[in-house]
Amino acid sequence: MTSAEVITEPSDDSGPSGYAAARLRLLQEKSQSGPARRSGLARLTDDWLEALFTTAALEAGVRGAALVAVGGYGRGELSPRSDLDLLLLHDGRADQSAVAALADRVWYPVWDLGLALDHSVRTPAEARKTAGEDLKVHLGLLDARHIAGDLGVTAGLRTAVLADWRNLAPKRLPELHELCQERAVRQGELQYLLEPDLKEARGGLRDATALRAVAASWLADAPREGLDAARRRLLDVRDALHLTTGRATDRLALQEQDQVAGELGLLDADTLLREVYEAARTIAYAGDVTWREVSRVLRARSVRPRLRAMLGGGKAAPERTPLAEGVVEQDGEVVLARTARPERDAVLPLRAAAAAAQSGLPVSLHAVRRLAAVARPLPVPWPAEAREELVTLLGAGEATIGVWEALEAEGLITRLLPDWERVRCRPQRNPVHTWTVDRHLVETAVRASALTRRVHRPDLLLTAALLHDFGKGWPGDHSVAGEIIARDIAARIGFDRADVAVIATLVRHHLLLIETATRRDLDDPATVRAVADAVGSTGTLELLHALTEADALATGPAAWSTWRASLVTDLVKRVAAVLAGAEPAGPEPAAPSAEQERLAIEAFRTGGPVLSLRAQPEAHAEDAGEEPEPLGVELLIAVPDQPGVLPAVAGVLAMHRLTVRTAELRAAELPDPVAADGPASRAGVLLLDWRVAAEYGALPQAARLRADLVRALDGSLDIPSRLAERERAYEKNPRRRGAQAPPPRVTVAAAGSRLATVIEVRAQDAPGLLHRIGHALEAAKVRVRSAHVSTLGANAVDAFYVTGPGGAPLPETEAAEVVRALEGALR
């Protein structure tokens, strides 16, 4: 609330202080909410402005003028912090100075109360001219509503503006559609965003207003079912957002979602987002249908005169092209054939959907609604045709998405797959994810459709892609819960027992390859053997490889890269060899490269660190026209063995804003003559082979890195204080404020390796995190054999292979102590 609104003793109910107090009482009245509060606030504002305008018009001596509400205020919908959109309309006969004085007497009291005001002063002719030049002005005038003054002036403008809109519809509606599309590109889709703009994003309040404008043109109309309720829900959420923040904002920020949910009486922020997503989905789908109908009508209007001339005035019958049994194409849409009997043909919904997706055509709204109303439920298990049509639908690529959304809008997907309701519109709080759970599943199937030529059983791949995250609708590990659900659904849709087992295995282990490849030592025989035991067969491995790629690609850009693909491919080759009967290769000491040997010798002879930076792009992109993606920069460091190497190197890299992708540490094998020439007291050399990438900007020079590393190792560079400064700046970032990160979690991986103890760290990513981990491990007096570092959005998931001083895995009690020490260091 502004200070002007907090008034408890009004001297005159019709004056500014009286209005402010009444406004405050209304907004604080808990029993008044939703549409009743918005319309009540509009009426209260109308009464105040009417009195204000009437007095001002008398004082200014102006007749033939009216005060008109436009836009949201014109619709009688005022949120707590909404702008007042006002038009002072006059017939042009009054003196301009008198009209200006009238405007000042109305505008200034509004400003004095601290209310946002969007205002204009025009004659009806000027208003029509401006509307003809500015589409947004024209849209606002469509909702013009008389408040005070000469009703005839307002009524005349409304009649003229609506007539202009209908006459100009063939020109204006394509402009409006383009405006909606441009806004969607800028703001994204409301139904998937973690911090959505309730007004501007696709499926938001602006789109709902655009659909009202289309209806006003009489050219087409939006599907009415659920549309008004969806729009009201978004307005209710915006009201709550205004009340909890005290600001005129439409962006539902993460840190405000719990408060907004509480204001609306909802369980939590996830429940709030699901309601927002469902409302946005209804509006977005209504928009798709409406704009398709607008295009069809405009296309028909442009063709009809020529057709009539050719046919001598006769009316051409619409052309209908058969697509499948009971399914035809007409006028760019898929409709039911005249002979179709959905009440007798239980497979027809899937057959129509598959035919539409394969043809790249939308399903008509009438056809979907008829199917939803009268189609028989499928028997359980499904007949083979139904299963095949589902697989065909899933394998159609991008065209699947629109068809799936049409079926879902009318409840057909939940009828076919009852478990779908638990994942429908379910938000994913991890910023790595681009989509809600349900859309991610469809997107994974779309991505998998491009990989079907790589597998022997594309039907199992596509089905597993659709089912792999169904467990996210249940408590606990979603892979474990998902396996049970996948078994039930796969059997329901008619797969035999062996295929059900394969699908269940794919769902249970859909994260196995990516997590193992990026977080485990692939040279450790136990790693490869564990994956082989979980997968069981080369056929399942082939499917799991494709599913892993499809899942990652459908997650978002942070989840897949050439680097990750290369690690997964390497793991798959090793596991395939084991499944073919070979024993997993042991960790034979890798022969050092010439560069590594040179650095190790120089470090041994000089007694100080030596390093080099080399870019390592992917050698061959799959697509010949694609630029090779950098796998990061190879950072080779040779340093005399001494305490504190890992935290020193990690700290220096963090200072220079370098992100570590992988890290390997090992003792360097020096040539015998070199070792013999050195002093007997000189320690051996550690070789660090890491992949790093710049957060932004150019890479630092190797000489600067070396200089800082020397200072870090001798203690003259205070890394903790330097990183603490960066941490404070990091936390001041507006996008970080208010974000409640879960506490770090440190665990020992069960049976992770026979050669080392595998300690896994999951924590919020932050500058210097690897430095703190390294420092804690150093303090625990364990040796780090290798590290596997990955960052997914704001989350770091790192695995460290550690041994005791003698090189053996840690006893269970010592490993538990290291875990506790690490957790303490990271909190």
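Because the structure is a prediction, the values reported are computed rather than measured. Both backbone and side-chain heavy atoms feed into the values below; hydrogens, waters and symmetry mates do not.
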Residue pairs fulfilling ring-ring contact (aromatic ring centres under 6.0 Å, His included) with at least one residue in residues 371-429, sequence neighbours excluded: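 Listed by first then second residue: Trp404-Trp420, Trp420-Phe470.
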Basic-acidic side-chain contact under 4.0 Å: Asp250, Arg238: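 Looking at Arg238 together with Asp250, the answer is yes, because their closest N to O distance falls below 4.0 Å.
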Is Glu549 paired with Arg454 through a side-chain N to carboxylate O contact shorter than 4.0 Å?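 Salt bridge present between Arg454 and Glu549.
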For Ala565, all residues meeting side-chain contact (heavy atoms from CB on, under 4.5 Å), sequence neighbours excluded: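 Applying side-chain contact (heavy atoms from CB on, under 4.5 Å) to Ala565 gives Trp560.
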List in chain and number order the residues that pass ring-ring contact (aromatic ring centres under 6.0 Å, His included) with His509, two or more places apart in sequence or in another chain; answer none if no residue qualifies.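 So His509 forms no ring-ring contact (aromatic ring centres under 6.0 Å, His included) with any residue.
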His242: ring-ring contact (aromatic ring centres under 6.0 Å, His included) partners, not counting sequence neighbours: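 Partners of His242 under the ring-ring contact (aromatic ring centres under 6.0 Å, His included) test: none.
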Who are the side chain to side chain donor-acceptor pair (under 3.5 Å) partners of [X], not counting sequence neighbours?
| X | value |
| --- | --- |
| Thr249 | none |
| Arg292 | Glu333 |
| Lys199 | none |
| Trp435 | none |

CZ of Arg745: more than 12 outside heavy atoms within 6.0 angstrom?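 For Arg745, atom CZ is not crowded (no more than 12 foreign heavy atoms under 6.0 Å).
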Within a radius of less than 6.0 Å around CZ of Arg370, do more than 12 heavy atoms belonging to other residues, nucleotides or ligands occur?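 Atom CZ in Arg370 is crowded, with more than 12 foreign heavy atoms closer than 6.0 Å.
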List the residues meeting salt bridge (Lys or Arg N to Asp or Glu O under 4.0 Å) with [X], not counting sequence neighbours, and say none if there are none.
| X | result |
| --- | --- |
| Arg233 | Asp236, Glu275 |
| Glu410 | Arg369 |
| Asp258 | none |
| Asp477 | none |

Side-chain donor-acceptor contact under 3.5 Å, Ser449 with Thr452: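 No - no donor-acceptor pair under 3.5 Å links their side chains.
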Taking the ring of His478 and the ring of His510, is the distance between their centroids below 6.0 Å?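 Yes - the distance between ring centres of His510 and His478 falls below the 6.0 Å cut-off.
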